[in-house]
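Below you'll find the structure, written out as structure tokens, and then a few comments.
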Amino acid sequence: MASVDLNADLGEGYGAYACGDDGAMLSVVTSANVACGLHAGDPEIMAATFRLAKEKGVAVGAHPGFPDLWGFGRRRMPFTPAEIERLVAYQVGAAAALAAYAGHRITYVKAHGALANLAAEDRAVADAIAGAVKAVDRNLALLAIALTAQVPAGEAAGLEVHQEIFADRGYTEEGQLIARSQPGALITDQEEAAERILTMVRDGAILTASGRKLPTPIRSICVHGDSAHAVGTARAVRAKLEGAGVTLAPFKP
């Protein structure tokens, strides 16, 4: 079985406020999506996260979102695609600069929260994100939610595209993430999350709420870093995969 990447959204504190256990997560994951200061994060947190990731041999990427600190970037905001393109370019540039400052380098971009969910269904928004990435650095890869508009948008922009699935989220029958407000959206049982991931990686398919399997390439697995069970889930997923002979490695080192 080919190798897969294990990623987490990190650097999501702000000022004196911490969010998640980034140090522990960076000892488990192979890639870290670092918040860029608009939905979370700030220059101090970004630099520290990039520096620690470098020390632990973890690949890093920019994790741009809507400018919504109060809502943690999980509320949709009425920006035009052109405005979104500039918001993303702004954040990718900040991440590239702070990573370089810390002695590391970003190799990919992954949209956050409501911005990512909007881009999953709205091709114009997905094109805006891909366009921003290409404009800033066409050598950056795009980490896209599997089976969504993000994938063809990245490919049309000529970017290297890798598809990800989620360890701690449930899927609709269409292969979309179940809205966080709905039953079945969050998977908090660590063993259940790990078993589901092993099944999806082995079968090369997303597992929906009803058990239906939707074939897709799977190059990376995400565990959200802001939940109380994040570290345990990441460890369980890694142990389950490695126990089944799956190699964990960054998709874009």
Side-chain angles (χ1 to χ4, degrees), residues 7-15 17 19 32-43 45-46 49 60-99 106 108-138 140-164 166 169 172 174-182 185 222 224-226:
N7 78 77
D9 305 337
L10 302 180
E12 291 186 316
Y14 188 77
Y17 300 95
C19 181
N33 324 309
V34 181
C36 304
L38 293 192
H39 79 274
D42 59 43
I45 290 174
M46 292 170 72
T49 305
V60 290
H63 193 40
F66 281 130
D68 181 23
L69 288 171
W70 278 24
F72 199 61
R74 286 179 175 157
R75 301 182 295 189
R76 295 194 179 192
M77 304 185 79
F79 290 101
T80 67
E83 290 169 333
I84 287 172
E85 187 166 351
R86 289 185 285 275
L87 280 170
V88 171
Y90 174 86
Q91 294 175 80
V92 173
L98 268 296
I106 63 169
Y108 66 93
V109 176
K110 171 188 167 179
H112 168 78
L115 177 59
N117 292 336
L118 184 59
E121 63 191 48
D122 188 328
R123 178 60 187 269
V125 173
D127 285 337
I129 293 171
V133 175
K134 181 178 180 180
V136 174
D137 184 350
R138 65 180 60 241
L140 293 172
L142 182 69
L143 184 54
I145 300 176
L147 297 180
T148 70
Q150 294 181 16
V151 177
E155 292 172 343
L159 298 174
E160 178 184 332
V161 180
H162 298 275
Q163 298 190 53
E164 71 167 346
F166 293 82
R169 296 294 305 277
T172 70
E174 295 71 39
Q176 303 295 310
L177 294 176
I178 298 173
R180 286 177 176 268
S181 60
Q182 301 300 312
C222 177
H224 288 93
D226 62 299

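Not measured: the values here are computed from a predicted model.
- Counting heavy atoms from C-beta on, the side chains of Q176 and T148 come closer than 4.5 Å.
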(request) Give the intermediate values and the outcome of side chain to side chain contact (heavy atoms under 4.5 Å, CB included) for residues H224 and D9. (result) CA-CA 6 Å; H224 288 93; D9 305 337; 3.3 Å; yes
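- Residues E12 and A40 approach most closely at O-CB, 3.4 Å, considering heavy atoms.
- Without hydrogens or angle criteria, N33 side chain to G61 main chain gives no donor-acceptor distance under 3.5 Å.
- By the side-chain contact (heavy atoms from CB on, under 4.5 Å) test, A185 pairs with R169, I178, sequence neighbours left out.
- Between D137 and V92, the closest side-chain pair of non-hydrogen atoms is not below 4.5 Å.
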(request) Walk me through it: do L115 and V88 pass the test side chain to side chain contact (heavy atoms under 4.5 Å, CB included)? (result) CA-CA 10 Å; L115 177 59; V88 171; 4.0 Å; yes
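- A distance of 6.0 Å separates CG in L177 from CG in N117, rounded to the nearest 0.5 Å.
- For Y14, there are no ring pair (Phe, Tyr, Trp, His ring centres under 6.0 Å) partners, not counting sequence neighbours.
- The two atoms that bring R75 and W70 nearest to each other are NH2-CB, 3.6 Å, heavy atoms only.
- Residues in residues 79-92 take part in no salt bridge (Lys or Arg N to Asp or Glu O under 4.0 Å) pair, two or more places apart or across chains.
- Side-chain contact check for V161 versus L143: every heavy-atom pair is 4.5 Å or farther apart.
- Of all heavy-atom pairs between A116 and A111, the closest is CB-O, 3.4 Å.
- Applying the side-chain contact (heavy atoms from CB on, under 4.5 Å) criterion to P67, with sequence neighbours excluded, gives L38, M77, F79, L87.
- For the side chain to side chain donor-acceptor pair (under 3.5 Å) test, no residue two or more places apart in sequence or in another chain qualifies with R138.
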(request) Any chance you could lay out the side chain to side chain contact (heavy atoms under 4.5 Å, CB included) test for Q163 and I145, step after step, and finish with the verdict? (result) CA-CA 6 Å; Q163 298 190 53; I145 300 176; over 6 Å; no
(message) Before you tell me yes or no, could you show the steps for E164 and N7 under side chain to side chain contact (heavy atoms under 4.5 Å, CB included), namely the whole-Å CA-CA distance, both residues' side-chain angles and the distance that decides it to 0.1 Å?
(response) CA-CA 9 Å; E164 71 167 346; N7 78 77; 3.1 Å; yes
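- T49 and G11 make their closest contact through OG1-CA, 3.7 Å (heavy atoms, listed as atom of the first residue, atom of the second, distance).
- With sequence neighbours excluded, the residues that form a ring pair (Phe, Tyr, Trp, His ring centres under 6.0 Å) with H162 are F251.
- In this structure, D226 pairs ionically with R74, as a charged nitrogen and a carboxylate oxygen lie closer than 4.0 Å.
- Going from atom CD1 of I129 over to atom NZ of K134 covers 16.0 Å, rounded to the nearest 0.5 Å.
- Shown here for M46 and G37, the closest heavy-atom pair between the two residues is SD-N, 4.3 Å.
- The shortest distance between side-chain heavy atoms of V60 and Y108 does not fall below 4.5 Å.
- Remark: aromatic rings of F72 and H112 are close, center separation under 6.0 Å.
- Between Q150 and L142, the shortest heavy-atom contact is O-CD2, 3.7 Å.
- Looking at H63 and Q91, their side chains never bring a donor and an acceptor atom within 3.5 Å of each other.
- In this structure, CD1 in I106 is found 7.5 Å from SG in C36, a value given to the nearest 0.5 Å.
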